[in-house]
Amino acid sequence: MIQLKKRTNEMLGKGWTLLNVGTKMVDYSIENGQADYEPCYVVGASQEQYDHYKQELEERPSIHDILTEKGDF
């Protein structure tokens, strides 16, 4: 959850807009009927911001590349 907050704050720092904050159920216990919820952030961006985000994703190494480099794959 800390990573989620960090990533959301990074996007907001780049000028993205916080559209909504809510919760999502991430676990449910059949034994006691208790549900576990975590926050969910919805952010929006201009087309220029989104295009930059997509470019950043393309420049990141893929999980396959990372594992192959370490010899774990």
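What's counted below: heavy atoms across the whole structure, side chains too, no hydrogens, waters or symmetry copies.
Here OG1 of Thr8 is found 9.5 Å from CD of Gln3. Values are rounded to the nearest 0.5 Å.
By the criterion of side-chain heavy atoms lying less than 4.5 angstrom apart, applied directly or through intervening Ile, Leu, Val, Met, Phe, Trp or Tyr residues, Leu4 is grouped together with Met11 in one hydrophobic cluster.
For Glu10, the side chain to side chain contact (heavy atoms under 4.5 Å, CB included) criterion is met by Lys6, Arg7, not counting sequence neighbours. Taking the side chain to side chain donor-acceptor pair (under 3.5 Å) definition, one finds that Asp36 meets it with nothing, sequence neighbours left out. Contacts of Glu59 classified as side chain to side chain contact (heavy atoms under 4.5 Å, CB included), with partners at least two apart in sequence or in another chain: Gln55. Legend: residues meeting salt bridge (Lys or Arg N to Asp or Glu O under 4.0 Å) with Glu48, ordered by chain and number and at least two apart, are absent. Listed by chain and residue number, nothing satisfies the salt bridge (Lys or Arg N to Asp or Glu O under 4.0 Å) test with Glu58 (two or more places apart in sequence, or in another chain). With sequence neighbours left out, the side chain to side chain contact (heavy atoms under 4.5 Å, CB included) criterion links Asp51 to Gln47, Lys54. Every residue two or more places apart in sequence or in another chain that forms a side chain to side chain donor-acceptor pair (under 3.5 Å) with Ser62 is listed here: Asp65. With sequence neighbours left out, Leu57 forms a side chain to side chain contact (heavy atoms under 4.5 Å, CB included) with Tyr53, Arg60.
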All N/O donor-acceptor pairs, side-chain side in residues 15-23, below 3.5 Å, sequence neighbours left out:
none

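The two atoms that bring Gln49 and Lys14 nearest to each other are NE2-O, 3.2 Å, heavy atoms only.
Pairs of residues two or more places apart, or lying in two chains, that qualify as side-chain hydrogen bond (donor to acceptor under 3.5 Å, both in side chains) and include a residue from residues 25-35 are Ser29-Glu31, Ser29-Asn32.
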